[in-house]
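Structure first, then comments.
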Amino acid sequence: MIPFLVRRFFQAIPTLFLASVLIFFVISLAPGDFLTPARLNPGISEEQLRNLSISFGLDKPAYVQYFYWMWNMLHGDFGTSFQYTQPVLPVIWPRIVNSVWLVLLNLVFFYAIAIPIGVYGAVRQNSFGDKSINVVLYFLLGFPSFFLFLIVIYFILQIRNATGWDIPLGGMTSNNYDQLSSLAKFWDVLRHLLIPAAVLALTDAAGLTRVIRGLMLEVMRSDYIRTARAKGVSERTAIWKHTFRNAILPIVAGIGGLLPGAISGAGFVEVVYNYPGITPMLLTAINAQDLYLIAGFTVISTILLIVGNALSDILLAVVDPRIKVG
Amino acid sequence: MTDHATNKAEVLLAVNGLKTYFNTDDGVVKSVDGVTFHINKGETLAVVGESGSGKSVTSLSIMRLIPMPPGEIAGGEILFSGTNGQPRDIVKLSEAEMRKIRGNDIAMIFQEPMTSLNPVYTVGDQIAEAVMLHQDKNRKDAMGAATDMLRFVGIPAPEKRVNEYPHQMSGGMRQRVMIAMALSCNPALLIADEPTTALDVTIQAQILDLMRKLQKDIGMSILFITHNLGVVAEMADRVVVMYGGRVVEEGDVIEIFKAPRHPYTMGLLNSIPRPGVDAHVPGTPRARLEAIPGNVPNPLNLPPGCAFEPRCKFAVPECSKAVPALEDTGGGHMARCIRWQEFAKADHEVSA
Amino acid sequence: MTTTAPQKKVKERSLGQSQFSVAWGQFRKNRLAKTGGVGLILIYLMALFAPFLAPDSLSSYSTTDITRFQPPTPVHFRDPQTGALTRPYVNKFSQQLNMDTFVNEYKATDEKCPIYFGVRGASYKILGFIPGNLHLYGTGNDQAGCNVFLIGGEALGRDLLTRTLYASQISLTIGVGAVLASTIIGLFMGALAAFFGGIVDTVVMRLVEVISAIPYLFLLLLLRSVFPQNINPIFALYVILGILAFIGWGGLARVTRGQLLSVREQDFVSAARALGASDNRVMWRHMLPTMTTYIIVTLSLSIPGFILLESGLSFLGIGAVEPYVSWGSLLAQAQEGGLSSLNSRPWVLIPGFFIVFTVGCFQLLGDGLRDAFDPRKRQ
Amino acid sequence: MTAPVAARTSAADSRGMTQKGETLLEVRNLEKYFPIRGGLLSRVVGNVKAVNDISFKLARGEVVGLVGESGSGKTTAGRAILRLIEPTGGEVIFNGTDVTKLSKGQMRDYRREMQIIFQDPFASLNPRMTVSDIIGEAMQIHNLNPGKGRIDRIAELLQKVGLRPEHMRRYPHEFSGGQRQRIGIARALAVDPLFIVADEPVSALDVSIQAQVVNLMQDLQEELGLTVLFIAHDLAVVEYICDRIIVMYLGRIMEIAPSHELNNNPKHPYTEALLSAAPVPDPTIKRQRIILEGDIPSPINPPSGCVFRTRCRYAIDDCAKVVPELREVSPNHFKACIRDDVL
Amino acid sequence: APFVYPAAWTAEQNTANKRGGEFRNYALSDFKTFNPFTSAEATSIPGTEADTSATLFTQDPRNNEFIPKMAAGPAVVSNNNKRFVVKIRPGMKFSDGQPITADDWITTWKIHTDDKVGSNSYDTFFINDKPITIKKIDDLTLQFDFPSQSSTALSIMSFAPWPDHVFGKAYKAGGAEAVKKLWGLGTNPSEIVSAGMWVLDSYKAGERAVLKANKYYGDWNKDSKGNPVPYLNTYSFKIVPDLNAGLASYLAGQLDTFAPSKADDLAQIKKSIDAGNLKAFLKANVSPNSTSSWITFNWNKSADPAKQALFRDVRFRRAMSHIANRDAMIKLALGGLGSEVYFSVYPIFKDQTDAGIKAGAPEYKYDLAQASKLLAQIGYKKKNADGYLVDSKGKVLEFNLATNAGNTVREQLGQVFRDEAKKVGVKVNFTPIDFNALVGQLTAKGENRPFDAILLGLSGGTNIWPFGVNVVPCGTNLHSYNNPTDGKCLTSQEQLMTKEYYQGDAELNTAKRLAIGAQLMKNEGELQPVIYLVGTNYHVTYNTRVGGQYTPEMMDAYYGARDIGLTFIK
Ligand SMILES: Nc1ncnc2c1ncn2[C@@H]1O[C@H](COP(=O)(O)OP(=O)(O)OP(=O)(O)O)[C@@H](O)[C@H]1O
Ligand SMILES: Nc1ncnc2c1ncn2[C@@H]1O[C@H](COP(=O)(O)OP(=O)(O)OP(=O)(O)O)[C@@H](O)[C@H]1O
Ligand SMILES: [Mg+2]
Ligand SMILES: [Mg+2]
């Protein structure tokens, strides 16, 4: 396991390096630099601008800036956010954590919805239930997530009005969050996450459901399932122990690769649902050309994804004995 | 057919008029269309036939493992006299009763040892699963039994191997594992669907040897499906020849090889070179194999009469009229050909 | 020498059935997929003839006769007095801002505005060069308050149906365009990697990995921010298209490479090489064509994704900008009204259902194609 | 594209050079190693020694069988001879020319004379091309029978392999396995080759079809005077159609002998076991068989010395020491075994 | 003696003396800092803490008079109204218990006026580039010296003091940089000190900021019955991404107040109230808002003399005002609720606008015929095939108009303007662009500035002298139409307006100041340097669980609807 992790780590270096180069140069291609908004601020003097420019290395060519940034990053310093006049990491870290919660819960729902339905679809292939679920999921698949969200928010509002239930309408915590006990805090956050995570999962679940259904069908046709049945195992064992375990292998392998999409998908919802995640802040940062903040976000998400990929590889090695982690 | 049940030997399994159909988009595939045969206790029955002639479907029907839909057992009965000797019709059993039979009374091994084992469980687990299912053992005992079974089928270092995964084993070894799994509950009938086709000759020899040995030890019956006439000659007591979803000839192995009564069987026997005998001697003119012309029939589109008629060099116009009956040609030897008597006569003339 | 026995039952065809015709036969059996296909043909025809189908031009509205958020106008076919069938007509509407509820109330008056078919109106050019000024329907005069708003009016009082029809032109082309572009890039890069191997392969695959490691939304936003906001709107569309293509080619490149590498080992390729075929010939005649099935299927399955993505971008304000509209930007405009859009003028959400419909059709078609080309699914 | 003139000259040359019975092809010390990459920098950590130093000769018009267990390197050898995979070492002298030294362009001319038939009749035909495209491609590449003549030639070839000219416009998936194999044979014949590698051409076919194809190949070989390297698993078939047989094991040649001689008088323990393992389709014969223990070892780390020694019932300590050379033990009969005291 | 909140400030007295509870407000963007010197947002944490509740004087919404708050009494004025000596109310304490003394004001003033700090308030401490100076007489006495007489002096003096023991110490030790480093978002709220009513309790980025009452504030702030103020315990801001989200929260009862800007919002609120889902007070069109939208034309286009001449031509600009269909703009972009605007003075300052119109300040109303006539006078008589006016050389009358992307209202205003202009044959190329880029263009200086015309809005300004300090005088940064390098006026009207601006600013007499303002409006109207379009209206709504709002006649866009100090939960 350890050598595997070490190897993963070394393999990730070039990816990370290239990603950071790409990010940095895309940002530097953008018109103006991050001092542009500052120049418009009458409260900031020429001298101050000059000082800033020097301290951020903006007077140097882009590649030098890149190395400054890279060098600092290796020391855990992601630069200074211009909007917040603070080091980037403490500003973005809570946002990233928030987004990760949302994405994780979303993934939990995603699988919790897709797996049973996919398996059901394969077991009862072409039954009425299979077909009707498919139709519903197809329909949901066509919805842009933000559009569905608008509609969901509307219905929540109606339900609230009708029943008086306190269903959260956005955000991540309730007003009285700080006064709550830790268990209540947990529940409070969960309550806020439930709807966005579930709705987001629903819009995407159709794809995975069909994949799982297809994989299940494929595995169900395989020789070793016939062998298992020939042993006299029950239907349930044949499906869950023998078929499912094999059918999810490609999915486990894909979990890591799913993360970028999930983070992006969650982004739309974060915007609509007013969730304090990465994307809303990133959008503002892009408008304000808060260079280091943007770069910091992108690099950290990229790191997260690489970690995620490594985790899914490890997971795969756990469930698939054919893969050697060594 | 009842007249066969009256044979002196005890019948373990009797398949009567079995019909297994598949409903596909393009029409109904009558994969097995009225197949009748039986297996006696302790004997090895070989089923040979063209690819697509319904051998596997027959065996899977016996196991009730036909995928439904699209498949269905459209008729016939499969009488199995299990351990208690009382014949039961497998076609009518409930799924739960059937599960008790599978793996326990009737076990099966398949052609592809590489794909027939679940890649994510150790071979021990997979053998132990069958043991736990049918023998009321706990996991530990079952694993012990699995180890014993591995030793029984001649796998070296079974204590170690029992914890290995299928991908860590070679093809021959996996086929041994399959056999171990199949035999783990002492079945009365072992169905082997082309168990050696995917293996090398040297490994095939090992496996066949093993099966013969084990059959002697356990006393089970074997339904042996194969393409290979050499294997049939070596393994079988009796032979069933299938063509186009029907039995075209059935009989004692020596009878079938020496006095085939169906042109398909004859063609089959003549179309393969016999090792040693047919070796080419330089300078001599090359011999020719007697090939069966034409193609394997399309199961969706079988001729109305004898399925073999389009490829048969003895075909006469009557052949395409109706499906010939399976006739007894004497001594339990049956053939589905309207001209079998002519062949019998010719045979006698030649041998005379 | 042996000969094949004559096959009596199978009808002889002198012309062979190519894989495509087999797939087509298979496809035609799939009712859902056919529905999707027909739906798409209709919706593309609709986009093509949008200027003719639409009663109005893309952004015409009146500043004197304001029709902001006028509700859909019901079309009547019967004379209210006699009950007899008449030429279809709509009522003329009057409006009044109710200062109690703050709702701008539209009321049908008794005055009738007959609807004519094939009226002359705003001129347009279909496909950019076929000029015309004929419109499928309209009231034919510019009488104030006489509007056929089949699905209502939008924020500036423009006919929402007209705008939805025009929007379809952009929504339907940008997704397809982006997919085509990314397919071309993906194929090219994948082939490059597979063909040259070594360092080229490493570089291309690393690039794919890097692009897929950055969340696509971030990359999109970043790339869009490279271009100034006040570029020509039509150019902005091309920019978006290019960006979408840029972030989308990775998967295809990876698959292309994998497929080509595996095809390279296949016997029919070996056979061609054994015959002395040049690398070029092997690539073009034998290897690349194996991608067609995959490409057709991916194309039809990824177009809906791109349509959704475009709508998402428009929602975030970086898709189609005025005077161009896409379904996404129409929805974004609807969304600007917040809850009011849902509560008081739900018809502004109709463009969203066009997205749902189109994406659904593409999904059905794509699935149908995949099944049709999948040999395992056929007999 | 090759200049047609050059192609014709070279073909004419080689055709004239050898007479029936003279050596057409000589394989000297052919080797093919597949590198195994691993580790961080994907360095080569080992080699699959698929073909390990094999040498043999083929006379013009001769049919030679190549048998051995799965993984013994038969396919690799066949393809390396045709340079469909680049051999790691050794020479392949075809008609006096070492084809392993030829450039890609030069090699193309030789491809006309050396053809291959594949095992899998489903994978070896491009599913997107019609039969006439598939067969015509060969002629197109070498610019043979241009114009109208090409169609006639394709029709002729189809007839020769037992198909009908109408089949020309069909696609491979519309044919049965046996018919496809015929198409594959027609393709190989389209360029008028001198030498054909037939890589298990009948293994994937139904028993009843196998004989058709075997007969067809035999007829064609006789008619066209082809030299064939016939790769197979099935000893019976090989014995039946081949003049001589080469037995391979784990990348090395164990024994070479004329068919009947090999069958009646195997000199190598491996051949003996192989012969004994093959089941005979005669229920009356009950033989005592030699059952080999275990499996074929990994070609990555083949046993030292004689590669067969781990499964050989006659193995002695010396077997592990040196790689036994292929010796002629009787006329035209070669074996690679140090023990002459057995067999 | 404490400061006593006049009882008349509330329509509804807190007779039961309800105390505690939370008032839930919202903010439209994340807070960026807790530092009062670097904070620049509209709603800021330090601003909420102290900017309105801890100042020397405070304006009485009933009569716009300044009344002493932290000052112990009225300022003693001398030196021709240029020197103000103010006694500080004794016994006031910061939230950390430290006494508030003159040093705190001095330090605060010093830091604000250090240009290295970059405080937003820097400009307010200068009059016409000449500094205002503050001196400490003793611990409880301050002396303000103005370079010239100013009507807004009391307002200028009313800035919140920040603790000398925090900022003064840092400033002495590390200068501007040290001050800027203090009180970032990462600072523990307990370290933040406030002189005002509120002090930070907690902050969750992107979610909410919670402020709690400063426990020492009640010591010197009492209601008319002598109870300490504020009544509330907590004042929270939910951070919402946009007004729609804010409205949704308000309708859901999660907020106590909302600032509706569109008829749509009002309709939603009304609907909820009528359906009984929301218990809230709603009063529409309370007053015009203190904001307006306008189009400015660039007079400094040396690279394009033809355009420069056109933009400098007053007839052209008047024609543009005639083109602006303000009625349609209100109906289309503002949903029917809004006011037409013709002057830089917001309609809310009704006294001033009435005076101006009475004095003859012209309003060039929507009149396309008049616009055509004026354009014909300039030389645009013919139209080309596309229907656009061309001059004698055949050049089309066209210009670019930019606004900031993302602001729907402005985009719609621009569209209406463009489409109306087309009717008379003027080609307007309207493009929404990035806000920062837009502001960059607008505030650019020089002879050749980068834009043709910009559609934007301004807000802010005082009710004492409702003209923009950086708008009216030549050379200031929002003198957007004419901003050459030397900052000189181009026309005599500009010169006059600049003069009148300073004159009015220095005039202490209200009536006289109104008269000067009226003249200024007349000049401005005739010159039409900027085409004013429309302004939104101010509407009040709040959840009826809170009480303590102003009497209805006191509510307006300038003072709002309540004083948070007197707000209580019923
Ligand atoms: N699931 C299925 N759906 C449709 N047709 C089927 C299915 N399974 C089998 N068949 C058809 O039934 C026929 C008999 O098949 P079966 O597998 O029994 O042949 P076989 O004799 O075992 O051939 P082989 O020697 O190739 O194993 C074939 O034509 C096959 O196409
Ligand atoms: N491309 C390759 N890369 C690595 N190893 C290979 C490759 N091709 C073949 N091998 C290995 O080389 C050895 C010989 O393979 P080859 O296919 O020549 O055997 P064969 O005798 O033709 O077997 P079969 O009878 O199964 O066709 C095998 O161990 C195989 O795994
Ligand atoms: Mg079978
Ligand atoms: Mg091979």
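Letters A, B, ... are given to chains in the order of the sequence lines, protein chains preceding strands, and every chain is numbered from 1.
By number of non-hydrogen pairs under 4.5 angstrom with chain A, the leading residue of B:P119, B:A96, B:P187 is B:P119. No other option in B:N104, B:T122, B:V120, B:L60 has as many heavy-atom pairs under 4.5 Å with chain A as B:V120.
The side chain to side chain contact (heavy atoms under 4.5 Å, CB included) test with A:T298 is passed by exactly one of A:I23, A:I278, A:I303: A:I23.
Cation-pi geometry between A:R226 and B:F110 is met: the NZ or CZ atom falls under 6.0 Å from the ring centre, inside 45° of the normal.
Heavy-atom distances place both the backbone and the side chain of A:S234 under 4.5 Å from chain B. For B:M98, no part lies near chain A; criterion is any non-hydrogen pair under 4.5 Å. Neither the backbone nor the side chain of B:E95 comes within contact range of chain A; no heavy atoms are under 4.5 Å apart. Only the side chain of B:L65 comes within less than 4.5 Å of a heavy atom of chain A; its backbone N, CA, C and O stay farther away. For A:V219, no part lies under 4.5 angstrom from a heavy atom of chain B.
Listed for the B:Q126 side chain is a donor-acceptor partner under 3.5 Å among the backbone atoms of B:N118. A donor-acceptor pair under 3.5 Å links the side-chain atoms of B:T147 to the main chain of B:M143, judged by distance alone. Judged by distance alone, the side chain of B:R102 and the main-chain N or O of B:R64 form a donor-acceptor pair under 3.5 Å.
The nearest pair of heavy atoms linking B:S184 to B:V131 is CB-CG2, 3.8 Å.
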